[in-house]
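Everything quoted here is computed from the prediction, not taken from an experiment. Along the sequence shown, residues carry numbers from 1.
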Amino acid sequence: MSVTPNALPRPEGELEALRAVWRQPPGWRAVSEVNNGLVGPLFVATALLFFLLAGLLGLVIRAQLAFPGLQIVDAATYNQVFTMHGTVMMFLFAVPAVEAVAVALLPAMLGARELPFPRLGAFSFLIYLVGGLIFYAGIFFGIAPDGGWFMYPPLTGKAYSPGINTDMYLLGIGFIEISAIAGAIELIVGVLRCRAPGMTLGRMPIYGWAILVFGTMVIFAFPAVIVASTLLELERAFDWPFFLPERGGDPLLWQHLFWFFGHPEVYVIFLPAAGMVSMIVPTMARAKLVGHALVVVALVGTGFLSFGLWVHHMYTTGIPPLSLSFFAAAGFAVSIPSGLQVFAWIATFASAPGRIRFHTPALFVLGFLFIFTMGGLTGVMVSVTPFDWQAHDTYFVVAHLHYVLIGGMVFPLFAALYYWAPTVGTALSERLGRTAFWLLFLGTNLTFFPMHISGFLGMPRRIYTYPTGFGLELWNLLSSLGAAMFAAGAAVLLFDVAKNFRMGNQEDPQPNPWDAGTLEWVKGPAYGLRSIPLVSDRYPLWSNPALKREIEAGAHFLPFAATGRREALVTSTAEATPLYIAYVSGPGWWHVLAAVGTAFFFLSLVAPLPIPAVLFGLLALVGFIGWLWTGSDHGPVGPERVDIGGGIVLPTHATGPVTTSWWAMVCLMLVSGTAYACLLGSYLFLWLVNGDGMWPPPGQCVPVAGWGLGALVLYGAAALAMTCVGRWLGDGSGRAHRLALLAAMALLVAGLAADGWALWQGPVRPTLHAYGASAWAIFAWQGFHGAVALLMGGYTLARSLTGRLGGQRRLTLDNTRLFWLYTTGQGSLGLLLLHGFPRLLG
């Protein structure tokens, strides 16, 4: 695709119309804004707030352990403090922080005005903000989680943790994971479908690749912890024994599910940070990244290999030697792509044509390289099974964990703050930045390097005090002094942000103080790019020094509000060829209601307050329906086709696999499918643990085959009926497609009823044994999806009856049909498992 920029002056009122469309609501109504230019920086600020709050808890830990025998807090409070420190750092800071930076930077970096689902991004931020603050406040009322951020059963079961502390974790983390998954879906679709024309996958910035791998890992890793939390909450609330060995459960099931999420999560937060480094290093060296293609391969390879590492945390649980060998090999293998990236950064610095600019971002990058490499070396050590047997659950592992997380994520994040601050607002202080760096760098090493030694001396993790005479006094004192130094560095950095940073709402284009080569440095006011450029290089501002002026002058694609609404240019996945103009949501209140309802629904369940939980659940449902009803697919508005410049005329609506909503639904089904696979895997794991003779146990039976076969037939008929809905809608037969939709809904209801009746008539009871609990959990998951599918069916019918659904504008039906087919397929797979295992093997 070759397009010559339009050098002619733009029409007089064009820019003002564009500003009007993207103008932010004034005053308190800014809460309803969804633009990434506002949501992204607020997201980052909230993540930094939780970093501060978690750091304060870390200081309490180090003050307690500075000397033997100190009891600044008692043992029970200490358990809450260290649990909240880890939980807040991992769930409320690390993942949200890298996601927040992506929301703030990615649209402009990809040459887009906005991500495809701005309300989804704003919803993700709001439930994170509201739910996270209330979750953290639990520590002031003595109801914060106290079982460690990993929450191992059976100590977190009802018998040993009768209060609501554990429920606060299980239900509180649930909506935080919803936030992460919602944000990941938006980012994945944005990277794949909203790049500037000509920005092929090969020309996409490394940070875009890092976020694509990050989002993919989130949708495959995070469902495991949601399933684990759900199963433990079912055990605590309803006595379904998933983790109780005396009734067929197994505590190791929790560890398998949790660490299938927990170890990839390390790379979930490292890879976006590595992407930031891969953007900063070339700018500071004024040289293109060496080995760009190999770095992309390394990102993908690291993401893939990280899913083979979860048993690293289970070496001492009695895993068979052959399995240990496999996971140890995976631990060694993952160091190869990580090392490749490190060498690429070093080579880029070495290839600098002139003097490297050691500004504050470069200092934090160099600190990252040193600290993360140290953490990587100790990571290889704990991958060696005999060594891990000695170091497991000692402070050596605490040291390794913090070297990896602080070096691999915190230092790149701070480098990003100083590097990209000018493109979203005002620049930070170089003097304060250097002071903060040295305090943080020295504080990190002084805090955590002595922990290697105290770990070798046998100091166990998670103790609230220790006696004298074991040689631990000096090393703990040094660690506590280092923590104070690190806190001083963090205070300087946060003071710098508070004193010098102001969000950029001026109309003048943002400066490019580093002379960087990528498109985020062209970002201007609320509408982002004045025009969307044709990209022909990985560093377009370096290859065409005049490009920034051309974009700001409106000389490229879509320099106006073509439809009179906020809009995005949707391009093809691989080649970034323009396909259509998509409406994107503007300010509104529906997503705010959905976020508030969702957060307080989960928190009401913790109390437990069932009536408020129902009311907040209904509020969330109303918010979601209103959000969708007023979305982009609400009937013909504006022109059917528009000229975006360069002689390219595009439609303003589309249907089927070309649309962003279709891709989002596929991502959602991958999330749900991964969770369902974890449920089925839990069933099979417990079957293997119990053995054939006890699965099902005496007194329980497999579901009734006749009813199960009937449910299978009904699920298939419901899928066929929904397929007919799509075909008859395309033929223009209004009454036929509505009747087919009603038939599909009736068949699905009948299928769900037959599915559940087969279990009940077995009889299969969930409280007697893990077999019954697992079978009913699989059905409950199917029932939840069936209820959602029925809601979507009713919503689709309402759209049809009100004239908002037709042969050309049918996004609602496309998405409903996708989810419907998934739900019926999922139910069929569950029936085959429950009826086939162990019956067919017997």
Do side-chain atoms of [X] reach the backbone of [Y] as a donor and acceptor pair under 3.5 angstrom?
X    : Y    : value
Q255 : Y152 : no
T378 : G375 : yes
T156 : M151 : yes
S306 : P264 : no
Y169 : W149 : yes
R461 : G455 : no
T674 : F220 : no
H85  : V81  : no
S454 : M451 : yes
S480 : A63  : no

Approximate separation, where rounding is to 0.5 Å, of [X] [atom1] and [Y] [atom2]:
X    : Y    : atom1 : atom2 : answer
I211 : M276 : CD1   : CE    : 6.5 Å
L401 : M90  : CG    : CE    : 6.5 Å
I219 : L670 : CD1   : CG    : 5.0 Å
F343 : S338 : CZ    : OG    : 12.0 Å
I176 : F91  : CD1   : CZ    : 8.0 Å
F387 : M381 : CZ    : CE    : 3.5 Å

Minimum side-chain heavy-atom gap [X]-[Y] below 4.5 Å:
X    : Y    : answer
Q390 : F396 : no
Y136 : L57  : yes
V218 : I181 : yes
F327 : H263 : no
F82  : Q64  : no
I206 : V296 : yes
L65  : Y78  : yes
M409 : V266 : no

Can you label the angle between the [X] ring and the [Y] ring as parallel, tilted or perpendicular, going by 30° and 60°?
X    : Y    : answer
F448 : Y403 : perpendicular
Y419 : W521 : perpendicular
F51  : F414 : perpendicular
H256 : W310 : perpendicular
F261 : F258 : perpendicular
F437 : F441 : parallel

Shortest non-hydrogen contact from [X] toward [Y]:
X    : Y    : result
D515 : W542 : O-NE1, 2.9 Å
A352 : A287 : CA-CB, 4.3 Å
V98  : I269 : CG1-O, 3.9 Å
I188 : T216 : CD1-N, 3.6 Å

How about [atom1] on [X], more than 12 heavy atoms from neighbouring residues, nucleotides or ligands closer than 6.0 Å, or not?
X    : atom1 : answer
F307 : CZ    : yes
W475 : CH2   : no
F304 : CZ    : no

Would you say S179 and S124 are linked by a side-chain donor-acceptor pair, where the criterion is simply a distance under 3.5 Å?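 Distance-only check passes for S124 and S179.
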Within the 3.5 Å criterion, strictly below it, is a donor on N476 or R62 matched to an acceptor on the partner's side chain?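 Yes, R62 and N476 have a side-chain donor paired with an acceptor closer than 3.5 Å.
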Side chain to side chain contact (heavy atoms under 4.5 Å, CB included) between M109 and Y207: does it pass, once the steps are laid out? CA-CA 9 Å; M109 190 181 292; Y207 184 68; 3.6 Å; yes
What do the steps show when you test L440 against F364 for side chain to side chain contact (heavy atoms under 4.5 Å, CB included), and what is the final call? CA-CA 9 Å; L440 290 167; F364 275 107; 3.9 Å; yes
Please step through side chain to side chain contact (heavy atoms under 4.5 Å, CB included) for the pair Q341 and L299, ending with a clear verdict. CA-CA 8 Å; Q341 294 181 77; L299 290 170; 3.4 Å; yes
Kindly determine whether R431 and D496 satisfy salt bridge (charged side-chain N to carboxylate O under 4.0 Å, His left out), including the steps that lead there. CA-CA 10 Å; R431 180 176 60 85; D496 189 6; over 6 Å; no
I'd like to know whether the aromatic ring centres of W345 and F368 sit less than 6.0 Å apart in this structure.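 Yes, the ring centres sit under 6.0 Å apart.
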Test I319 against Y315 for side chain to side chain contact (heavy atoms under 4.5 Å, CB included), laying out the working first. CA-CA 6 Å; I319 299 293; Y315 279 178; over 6 Å; no
